[in-house]
Amino acid sequence: MENCVYEDLDGDMNDEEIGIANKYWDAEDFFLKGKMETEPETMITVKPLHALFLVRCLIALERTVQIYCSRGEHEKIKDVHREMLKFTKSPYFYSSITSITDFVSSSFSDNFDLLEEFYQTTLQTLEESKGSSQALWFKTNLKLCNTLFDLRKYPQISKILKELHKYCQNEDGTYAKNKGSQVFEVFANEFLLYIETNDNKDLKMQQLYQKAFSGKFDTSDHTVIGIVRECGGKMHLAERQWEEAAIDFRAAFANYNLARNQRRIKCLKYGLLANMMGSKVNPFDRETARRYENNPEILAMKALIEAYEKNDFAEFQRILKSMDDPFIKTYYMEDLDMLKKVRTQVLLNLIKPYANIGIQFISTKLGMSETEVTELLRSLILDSQIDGSIDGVNGYLLLTKL
């Protein structure tokens, strides 16, 4: 695609240029006042007849896309987008296309076909442009990954990440030394893919973690480091490496905090979880973390831990159901060993006063089916945690002693 390149013109603007400038500022005024009835065509007439108009031309095209988005005029969005892509050699192109990509992604998150066409057209143009556009091609692919994560399009994400790995590599397959920060960003997205697809224990994830912190790659982006550390913490939790998990969550919090990323709160919660499971690392041993001790999410997590420690299973389940955190819910509800540990503690406390106790009664108290209660009792009897037997005919646990 031919790029629009405009040279400086000496002298004052002529009448035609002044007329176009006035049209632009009138349209911009309407736009900023939220009057979307502004005709997009007025913006489009802003052509860079003078070098001073070049940045305004791109802004005009940005505004036009936003107006068409508000009207749902998809075909016109595509037309203006193609017009913007003629300016790849402009120093203002990077910020303009980045801005409009973010806007379209948020406006049409439920229209995958439109988003896919939008991104593919952009990426194809950037790939053909070569040179300085390659960095923008890389960033745009990462933005597409973020959009696909929201849509749970994991196979497409995997395909993009393979391309990005290739982009960061030399011909011999080694990573280019001058692309260390970009490699780290690819690693971060690959970690997210493992977490989202519940491959926390995958050997490749462990190898990726070791590679990320081998000292060969580095980045100053605290959000990217936070993502890798958070995912590493989740990986260690899945492997029951509580101390390593706590250290990673603390590092993730520190980096998210520097980036002012709200995921810092979640990492404090996960640090509490690792601490509860056996880590000696206190997530609130630093002043930067103590500021958030009264955050509602932190208070809810502390209440959950308190219910666990008091063996109050009913309260534990109530708090867990009210928590808006898929990872915490998944960890407790799908980690069978963890769930068994909680239920076992409650069960052992429940049966202490009795010589004989009905399985149906236990089932009601623990919120489990009678079959699940029977299986748990058999397991505890075999492990010598309960001294007794099960009367399957009458549905009772007959206790000898505890």
Side-chain angles (χ1 to χ4, degrees), residues 62 65-66 69 77 81 84-85 93-127 133-168 179-200 205 208 212 217 219-235 252 255-267 324-327:
E62 281 185 54
V65 170
Q66 293 176 28
C69 280
I77 292 171
H81 177 230
M84 288 186 74
L85 293 175
F93 178 74
Y94 185 99
S95 60
S96 291
I97 200 66
T98 299
S99 173
I100 209 62
T101 299
D102 290 341
F103 188 86
V104 172
S105 296
S106 61
S107 299
F108 296 102
S109 58
D110 58 345
N111 189 335
F112 178 67
D113 291 338
L114 175 64
L115 285 176
E116 185 176 39
E117 183 176 350
F118 182 89
Y119 272 104
Q120 292 307 324
T121 302
T122 303
L123 290 167
Q124 183 179 350
T125 301
L126 294 174
E127 193 166 14
S133 294
Q134 288 302 291
L136 182 54
W137 174 87
F138 180 85
K139 285 291 186 183
T140 303
N141 268 300
L142 290 180
K143 285 181 180 292
L144 177 55
C145 279
N146 290 337
T147 299
L148 293 173
F149 270 118
D150 292 337
L151 298 171
R152 301 180 186 277
K153 302 282 185 179
Y154 301 128
Q156 290 94 321
I157 295 171
S158 182
K159 183 179 178 181
I160 292 171
L161 291 179
K162 287 179 181 178
E163 290 184 26
L164 295 182
H165 271 295
K166 187 176 180 180
Y167 167 80
C168 294
K179 294 180 178 177
S181 62
Q182 292 172 310
V183 173
F184 214 91
E185 287 186 271
V186 179
F187 286 168
N189 279 273
E190 200 161 358
F191 268 114
L192 285 174
L193 184 60
Y194 281 121
I195 295 295
E196 290 289 324
T197 53
N198 292 320
D199 283 341
N200 294 1
M205 185 175 183
L208 183 66
F217 314 104
T219 179
S220 58
D221 189 325
H222 291 291
T223 296
V224 173
I225 299 172
I227 290 171
V228 174
R229 285 295 189 181
E230 179 187 347
C231 291
K234 290 177 178 179
M235 177 188 73
N255 279 281
Y256 282 142
N257 196 46
L258 287 170
R260 297 183 180 181
N261 188 305
Q262 288 305 307
R263 290 200 66 81
R264 58 191 167 191
I265 302 299
K266 292 188 180 296
C267 288
D324 186 23
D325 190 319
F327 175 73

Could you tell me the separation between the [atom1] atom of [X] and the [atom2] atom of [Y], rounded to the nearest 0.5 Å?
X	Y	atom1	atom2	result
I160	L123	CD1	CG	8.0 Å
N189	Y194	CG	OH	13.0 Å
T101	L136	OG1	CG	7.5 Å
T147	E116	OG1	CD	11.5 Å
K143	L115	NZ	CG	13.0 Å
Q182	Q134	CD	CD	10.0 Å

- Assign the ring pair F217 / F187 to parallel, tilted or perpendicular, where the plane angle (0 to 90°) is split at 30° and 60°. perpendicular
Any side-chain heavy atom of [X] sitting closer than 4.5 Å to one from [Y]?
X	Y	value
Q120	L144	yes
H81	I97	yes
E190	H165	yes
I225	F184	yes
S181	D221	no
L164	W137	yes
M235	I195	no

- Apply ring-ring contact (aromatic ring centres under 6.0 Å, His included) to H222 and list each qualifying residue two or more places apart in sequence or on a separate chain. none
Kindly give the heavy-atom pair with the smallest separation between [X] and [Y], and that separation in Å.
X	Y	result
C145	I157	O-CD1, 4.1 Å
S96	E62	OG-OE2, 3.0 Å
A188	I227	O-CG2, 3.7 Å
A252	C267	CB-SG, 3.6 Å

- Message: Holding to side chain to side chain donor-acceptor pair (under 3.5 Å), I want the full list of residues that pass it with Y154, two or more places apart in sequence or in another chain.
- Response: R152, E196
- Message: side-chain contact (heavy atoms from CB on, under 4.5 Å) for K139 and T98? Distances and angles first, verdict last.
- Response: CA-CA 9 Å; K139 285 291 186 183; T98 299; over 6 Å; no
- Message: Any side-chain to backbone donor/acceptor pair from K179 onto Y167? Under 3.5 Å, distance only.
- Response: yes
- Message: Any side-chain to backbone donor/acceptor pair from S99 onto S95? Under 3.5 Å, distance only.
- Response: no
- K266 charged N/C atom sitting above F327 aromatic ring, 6.0 Å / 45°: no
- Query: side-chain hydrogen bond (donor to acceptor under 3.5 Å, both in side chains): which pairs involve residues 105-115, sequence neighbours left out?
  - Reply: S105-Y119
- Task: Could you check Q262, R264, E230, R229 and say which one makes a side-chain hydrogen bond (donor to acceptor under 3.5 Å, both in side chains) with Y256?
- Result: E230
